[in-house]
Structure formats: C-alpha cells, structure tokens
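Since the structure comes first, as structure tokens, the remarks are kept for the end.
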Amino acid sequence: MELSESVQKGLQSLGDQTVLDRCSFPVVVDACFRSLLFSRGDPAVLDLPELKHLDKILLKQIHAAATTFILEAVKHNADKSTISFSLEELTFNTERVETFYTTLKFHFWATLILFVMSSSIGRGPAHIKDVSWRLQYQMKNGQLDKVNEPFYLISLMLFYCTSAFARLQDLVGKLKDAAKSVEKASQV
Amino acid sequence: MLLVLTEEHREHLSMLPQVEPSVVGEFGRIALEFLRRGTSPKIYEGAARKLGVSVEAVQQGVEGLMFLLMESSKHTISEVDFMDSVLILGFGEELNQVLLQLYQDNQVQIRRILSQLIPSQPAFHQLEWRLDVQLASRSLRQRLVPTVTMRLMLSENEEGQRSTRVLQTDPSTLLHLISTLEAALAAVKTSHSRRILRNIK
C-alpha cells in the first residue's frame, strides 16, 4: 500500500510510544474507526477525557493519517500480513499492530458497510431496480373506433413506455439472451 | 352501423352527381392526398376552371368526400352499411360504386393516417446489451462486479423519432425483470383476457 508523506508521519506519531502511551493508543485507534463508521462527521469524536492531555493539532494529524490508512486498507482489501507489514515499517511495535488489527476485526461488519459504501461511489448509467407492468385493451380512441388491440404499459424506474405484444416478446427475448450470456460467462 | 350525414354535408356532396364518375374518382384521389399532406387551394382553383364550376363547390365536394371516407374508415363500417348510408344521398348506381371502391381501396391507409393523430406514448423499438465487469474504481480495488449495460431505443411518435436511453442492471435484477415480464406476457393468454378479447369486437 502506498501512503503519502503526511499519512506516514501521522502514523509514525501514532506508533510512537513517547507520543501516545499504552492507555491512550487503543482509545485513539477506536476513535478513528468510530469517526469513519459511526459518528457521521461528528466534530466531537476526539473530545475524549483520556485524550485531553494530548496536543490537539498532533491528535488531528494522527486521526487524519489513521483514517486514510483504514480507507486504503479497505480499498485494497488488505490482509493481516499487508497491514502488519505497513505498520511495522512505520515503527509500530508488535503489540500496537495487534491492537490495531483487533480493532479492525472488532468493527468487521461496520468495515464491510464502509466497503459497500465505497463501492457505490462513482458514475454510471441509470440502474434498473425493478419493472412493473400493466396489460390494457384499447377498444377505441378519439380518432378511431374498433381498435381492439391489447398492449402493455411498462414502467422501468423513471420512465414509461408502451409495448405491443409482439414487441414485448422481442424485449424479453433480448433480455434472455443477455442473461444466458451472463450465465455462460460465470461458468468460465 | 349507418353513417348519419348532416344536411350541410349532404349539400356539399350534392355537386358530385353533376360531374363525371371519373372526375369523382379524381376528387377521391385529391381527397386522399389532402388527408395525407394537407389541403392546397391551388388545386381547387385548377379543378374549378377545368370543370366550369365555382371554386367553393369544388372545395365543398372534396371536403365532403374526405369527411365521408374518414368517418367510414373510423368506424370500419361494412360494405352494406356504406352503401345504405350513401343511398340516402340519392346518387346513381355508378356513382355509388365509385364511392364504395374509393372506400374499400383506401380504408386501411386512412385508418393509419388517423392513428397518427392520437397522442402516442414512447414505444419499445430495440434493445442492445453488453456484459461489463467492473474490476476497480478510485475508491476500491480488486473488484469483480458484473453488470449488464443496455441501450434501450424507443420510438417517440409515428414519424419514427427515436429516443435512446442507456441503462444498467445487475444479473439478479435482470433475471427478476425477465420473470416479471414473462408473467406479463402470460397475462394475455389467461382465460379472462381471452374472453374479453373474443367478445369485445
């Protein structure tokens, strides 16, 4: 995982035993996870009594670096060895690496939600979620009597389109081709 | 069903027996052209000069003929009903036959022209699809997300104006779409639908 200089510096401070003692370290790590997963940008996330003695600016730098690291780990789907390696390079001792990883696992499900949220970022064409239909029988209209034709009104999310019977079969046929191709591709 | 022709309408059509049946055929052709493309006063003037009648009479004759053909096509009245409706006008047998021939030859076309006047909704024209797999994004690496990207082409109106929409769906939603639309297709084959389709004619 590649990390920028400011992130590396922040993480080094996090791992530095002279900056954060054994009691404050887990609190900071937990706060960083919570600010990503639960607190919805709450500015008071670092306002904990255990952290009162720490320099506020340094704490913010550590927080920014740690949250970036967590996002990078989720982005690359990093396993334990990758995370351990990255943290050890930044002078984390074994105990701190273990604490960090344990907190990650503790918030596993929340991290999964973070994963899903990241996956929804990005542009793309409109996504079809569902289709609803109505079958109608047109008997007559303002211009013509004896129309006597069944037709379908199909609603795909945002817009509506009508379809004669034969054309609906055409549409379904094409969708089935697409589905068969997906199935074949998944079996490869 | 019989057509009910108003007094005014009958008056307009009364000039038809005064001319040759071939001329009536010509008027019929003009009437159809006007139905297709709109009226043109110059043609009235030309015809009036050739026949030696007033422009107004020619106009009324052609428009009366247009209306007669339109109403007959709208209700798709049978030959017998058409003849009975026209008999009221008191024309000769030959003229009636010419009118009947005009109606029979052009009924389908006139119905098509009339259907263009109906406000139409977009209708399905074509669907193109493609299977994509997302491998990575800026926020996430090492992904494997299959999506089906589709281009849905709709025809907006009778003139063939097309609109295109690009849509996406995942494989499970695609299967759901297919099963829902197959249920829609099956709905027209139920006994209830068949009964309605059979009996409302």
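Residue numbers begin at 1 in each chain, while the letters A, B, ... track the order of the sequences.
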Hey, do the aromatic rings of A:Phe69 and A:Phe100 have their centres closer than 6.0 Å? yes
Do A:Lys75 and A:Glu72 sit within salt-bridge range, that is, some charged N less than 4.0 Å from a carboxylate O? yes
Please state whether the side chain, the backbone, both or neither of B:Val148 comes within less than 4.5 Å of a heavy atom of chain A. side chain
So what's closer than 4.5 Å to chain A heavy atoms on B:Arg138: side chain, backbone, both or neither? backbone
Work out which heavy atom in B:Glu182 is nearest to a heavy atom in A:Val172; give both atom names and the distance. CG-CG1, 3.9 Å
With a 4.5 Å cut-off on heavy-atom pairs, point out which of B:Val145, B:Ile196, B:Val133, B:Val166 contacts chain A the most. B:Val166
Region of B:Met70 that comes under 4.5 Å of a non-hydrogen atom in chain A: neither
Given that the side chain runs from C-beta out, which part of B:Leu114 has a heavy atom under 4.5 Å from chain A: side chain, backbone, both or neither? both
Can you tell me which portion of B:Leu175 sits under 4.5 Å from chain A's heavy atoms? Options are side chain, backbone, both or neither. side chain
By a 4.5 Å heavy-atom criterion (distance strictly below it), what part of B:Gln126 contacts chain A: side chain, backbone, both, or neither? side chain
Do you know which two heavy atoms are closest between A:Ser24 and A:Asp21, and how far apart they sit? OG-OD1, 2.5 Å
Report all side-chain donor-acceptor pairs from residues 138-150 of chain A shorter than 3.5 Å, counting only partners two or more places apart or in another chain.
residue, atom, partner, partner atom, Å
A:Gln138, OE1, A:Asn141, ND2, 2.9
A:Asn141, OD1, A:Gln143, N, 2.9
A:Asn141, OD1, A:Leu144, N, 2.7
A:Asp145, OD2, B:His75, ND1, 2.5
A:Lys146, NZ, B:His75, O, 3.3

For B:Tyr44 together with B:Phe34, are the ring centres under 6.0 Å from each other? yes
Given that the side chain runs from C-beta out, which part of B:Ile200 has a heavy atom under 4.5 Å from chain A: side chain, backbone, both or neither? both
Atom group of A:Leu135 that falls short of 4.5 Å from chain B, counting heavy atoms: side chain
Hey, what do you get for OG (B:Ser72) to CD (B:Glu79), rounding to the nearest 0.5 Å? 12.0 Å
Aromatic rings B:Phe82 and B:Tyr103: how do their planes relate, parallel, tilted or perpendicular, breaks at 30° and 60°? parallel
When heavy-atom pairs shorter than 4.5 Å are enumerated against chain A, which of B:Ile178, B:Thr149, B:Thr173 gives the highest number? B:Ile178
Select one option (side chain, backbone, both, neither) describing which atoms of B:Thr76 are under 4.5 Å from chain A's heavy atoms. both
